[in-house]
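To find a chain, count down the sequence lines: A is the first, B the second, and so on, and within it residues start at 1.
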Protein chains: 2
Amino acid sequence: MSQFDDTFEDLNSYLYNRLKQEIWNQVYQHGTKLRQEHLAKEYGVSRTPILRVLERLTAENILEYVPRRGFFVKRLSLDEMLNIFALREVLDGAAAKACALHASDEDIEEIRQFFAKFQGKWSSDLEQEYVIVDQQFHSRLTKLSGNKLLQEINDSFSINQFSYQKGLMRPPIETLAEHQSIIHAIVERDPLKAQLLAMEHIQKSMENIRLRFDEHKFPNR
Amino acid sequence: MSQFDDTFEDLNSYLYNRLKQEIWNQVYQHGTKLRQEHLAKEYGVSRTPILRVLERLTAENILEYVPRRGFFVKRLSLDEMLNIFALREVLDGAAAKACALHASDEDIEEIRQFFAKFQGKWSSDLEQEYVIVDQQFHSRLTKLSGNKLLQEINDSFSINQFSYQKGLMRPPIETLAEHQSIIHAIVERDPLKAQLLAMEHIQKSMENIRLRFDEHKFPNR
DNA sequence: CCGTTGCTTTTTGAATGCAAAAATCACTAT
DNA sequence: ATAGTGATTTTTGCATTCAAAAAGCAACGG
């Protein structure tokens with residue numbers, strides 16, 4: 001795995017990946033303060049390399065830094081969540097458009113196969129797998145757009161972490177159809193259509209968040 | 001100025017702003033290696049706070065970090081430049097749309113006045129001022145969109161630094177008209193039109209970069 | 001019972017020290 | 001000259017230290 005390479009290559013990026021992963025996995029809850037000494041002990045290093053990582057994750061908007069107080073796992077308000085989706089709308093739109101324009105035929109063929117295994121009946125296992133493939137699909141489109149900035153932005157600002165949280169996803173049946181139609185537009189090399197469909201796709205997810213929030217006031221915090 | 005507040009508030013953000021500014025002002029050329037000791041002496045501090053800042057600017061894509069080698073002022077290739085504009089196209093589009101939708105009447109009135117002083121004849125002074133106002137205009141739209149993420153992204157990834165570099169700007173006469181029509185669409189509360197015009201506006205700047213690059217191979221090594 | 005005050009402990013911010021890697025330079029041999 | 005080699009200097013990476021700020025806590029008074 002690439003995580004192992006990082007281990008030997010460079011302590012800094014190893015710690016970075018590890019902490020980011022643990023935040024992702026909710027080892028540290030939203031709002032938690034990350035004490036430097038604690039992390040240092042946990043990872044068997046001193047505070048110095050920890051601080052570098054904290055600084056970096058802060059710049060990526062995954063942590064929040066309050067001078068003289070410390071670093072906290074960022075807790076997202078409804079507004080911030082909606083902002084993320086408003087952003088994803090245009091980013092994923094741009095990625096889909098660029099794919100339709102620039103991706104190679106082989107890459108497009110690969111995309112076409114992405115959801116092949118989800119044609120039959122749904123099972124609980126399959127639904128779980130779908131969440132992963134969904135995420136891979138979006139990240140693949142971003143990659144194939146050829147715009148590295150798009151990738152970097154998606155990795156920052158908690159965008160990916162947040163978008164695929166448990167409890168926020170729409171039912172696969174809904175989103176599968178949307179994914180298929182985006183793929184279709186890309187296969188047809190119709191940039192505008194791909195863009196608009198990708199944007200609608202995210203808009204609907206955004207609407208979903210809004211609804212859930214209104215209902216349960218969110219089981220978070 | 002807010003820069004002064006930062007000075008007294010927090011060494012970290014003071015150093016951050018200062019170094020960022022100096023990179024902006026080309027005190028350190030693209031590609032230059034930033035030696036920690038040198039910066040520490042320059043700013044009269046130790047390497048520790050410097051390192052934090054370097055780490056942060058790296059996450060913002062303004063510096064490049066090579067393990068065991070150091071931090072370098074990032075040099076942008078043509079592709080990276082075009083990527084920035086491809087991104088700005090959708091970001092500024094989203095901002096303009098959000099303004100047309102959500103900005104208050106007072107804020108819109110303020111925007112309407114932005115380019116009032118550029119109605120008459122052009123002078124060299126006025127052209128210089130226009131560059132500033134241009135930048136303020138775009139950043140104002142982003143702010144009024146109400147989406148903080150949009151602002152943060154524009155501040156990161158060298159997007160703003162790069163977009164308003166000397167030598168990349170189009171003639172004011174061209175862009176002024178485009179700015180006016182974007183403003184008009186916002187005043188009319190026409191989100192779609194505002195979005196499309198903003199996107200076209202950036203597209204044209206992108207085309208401009210491409211042309212310049214073809215011509216002179218760019219006077220940037 | 002709650003809030004305030006002052007003391008103790010914890011945690012952060014920044015400087016310093018030291019080992020290891022990288023860069024530089026001088027020297028040699030081709 | 002040029003390429004290659006080894007010694008010296010510089011620079012980075014990480015640990016440690018210490019002062020200053022913040023958090024925690026206990027005694028006190030309302």
Side-chain angles (χ1 to χ4, degrees), chain A residues 3-20 22-23 27-75 221, chain B residues 3-20 22-23 27-75 221:
Chain A
Q3 185 142 344
F4 279 21
D5 298 320
D6 291 339
T7 312
F8 296 107
E9 259 175 37
D10 178 17
L11 178 61
N12 191 33
S13 57
Y14 163 69
L15 292 174
Y16 167 79
N17 287 323
R18 180 162 170 196
L19 182 55
K20 193 168 176 176
E22 292 189 352
I23 292 170
V27 175
Y28 303 98
Q29 301 292 323
H30 295 307
T32 312
K33 175 170 175 177
L34 296 179
R35 270 175 279 103
Q36 298 170 21
E37 197 85 43
H38 172 262
L39 291 173
K41 281 232 168 100
E42 192 75 14
Y43 296 164
V45 296
S46 80
R47 288 193 300 143
T48 312
I50 294 290
L51 192 63
R52 288 181 64 162
V53 171
L54 293 175
E55 198 66 45
R56 191 155 151 203
L57 290 172
T58 302
E60 291 185 10
N61 226 28
I62 290 165
L63 301 180
E64 220 171 349
Y65 170 66
V66 185
R68 282 261 156 225
R69 282 250 150 67
F71 295 86
F72 301 82
V73 179
K74 190 151 184 178
R75 166 179 295 161
R221 96 134 279 137
Chain B
Q3 186 142 345
F4 278 21
D5 299 321
D6 292 340
T7 311
F8 298 106
E9 258 175 39
D10 178 18
L11 177 61
N12 192 33
S13 56
Y14 162 69
L15 292 174
Y16 167 79
N17 287 322
R18 181 164 168 193
L19 182 55
K20 193 168 176 176
E22 291 188 353
I23 292 171
V27 175
Y28 303 98
Q29 301 292 323
H30 296 306
T32 313
K33 174 170 177 179
L34 296 180
R35 271 174 279 103
Q36 298 170 22
E37 198 85 47
H38 172 261
L39 290 173
K41 281 231 169 102
E42 192 74 15
Y43 296 164
V45 296
S46 80
R47 287 191 302 144
T48 312
I50 295 289
L51 191 63
R52 289 181 63 163
V53 170
L54 293 175
E55 198 65 45
R56 194 157 150 201
L57 290 171
T58 302
E60 291 186 10
N61 227 28
I62 290 164
L63 301 180
E64 221 171 347
Y65 170 68
V66 185
R68 282 258 154 227
R69 282 245 151 67
F71 295 86
F72 302 81
V73 180
K74 188 150 186 179
R75 165 180 295 162
R221 238 252 41 133

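If Pro67(A) and Gly44(A) are placed on DNA chain D by their nearest nucleotide, the residue sitting closer to the 5' end is Gly44(A).
Side-chain N/O atoms of Thr48(A) and base N/O atoms of dA15(D) include a donor-acceptor pair closer than 3.5 Å.
We find that NE2 of His38(A) is positioned 19 Å from P of dA23(D), with the value rounded to whole Å. Leu51(A) has its CG atom 18 Å from the P atom of dT16(C), to the nearest Å. Rounded to a whole Å, the CG atom of Asp10(A) is 17 Å from the P atom of dA20(C). Rounded to whole Å, the distance from CD on Glu55(B) to C1' on dG13(D) is 12 Å. Residue Arg52(A) contributes atom CZ, which lies 17 Å from atom P of dA14(C) at whole-angstrom precision. What separates CG of Leu11(A) from C1' of dT12(D) is a distance of 13 Å, to the nearest Å. Atom CG of Leu34(B) is separated from atom P of dT10(D) by 19 Å (rounded to the nearest Å). For Ile50(A) and dT16(D), the CD1 to P distance is 14 Å, given to the nearest whole Å.
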What are the atom names and distances for every N/O pair under 3.5 Å that joins the protein to nucleotides 9-11 of chain C?
| from | atom 1 | to | atom 2 | distance (Å) |
| --- | --- | --- | --- | --- |
| dT11(C) | OP1 | Arg35(A) | NE | 3.4 |
| dT11(C) | OP1 | Arg35(A) | NH1 | 3.4 |

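Contact annotation: the side chain of Val53(B) never approaches that of Leu39(B) to less than 4.5 Å [non-hydrogen atoms, C-beta and beyond]. With contacts defined as side-chain heavy-atom distances shorter than 4.5 Å, the pair Ile50(A)/Leu34(A) does not qualify. Between Gln29(A) and Val73(A), the closest side-chain pair of non-hydrogen atoms is not below 4.5 Å.
Residue pairs satisfying the ring pair (Phe, Tyr, Trp, His ring centres under 6.0 Å) criterion with at least one member in residues 40-70 of chain B, sequence neighbours excluded, are listed as follows: Tyr65(B)-Phe71(B).
Between Tyr16(A) and Glu55(B), the side chains place no donor N or O within less than 3.5 Å of an acceptor N or O (distance only, hydrogens not considered).
In this structure a side-chain-to-backbone donor-acceptor pair under 3.5 Å is missing from Arg56(A) to Ala59(B).
Pro67(B) pairs in a side-chain contact (heavy atoms from CB on, under 4.5 Å) with only one of the listed residues (Asp10(A), Asn12(A), Leu11(A)), which is Asp10(A).
Tyr65(A) has a side-chain polar atom (N or O) that falls below the 4.0 Å cut-off from OP1 or OP2 of dG13(C).
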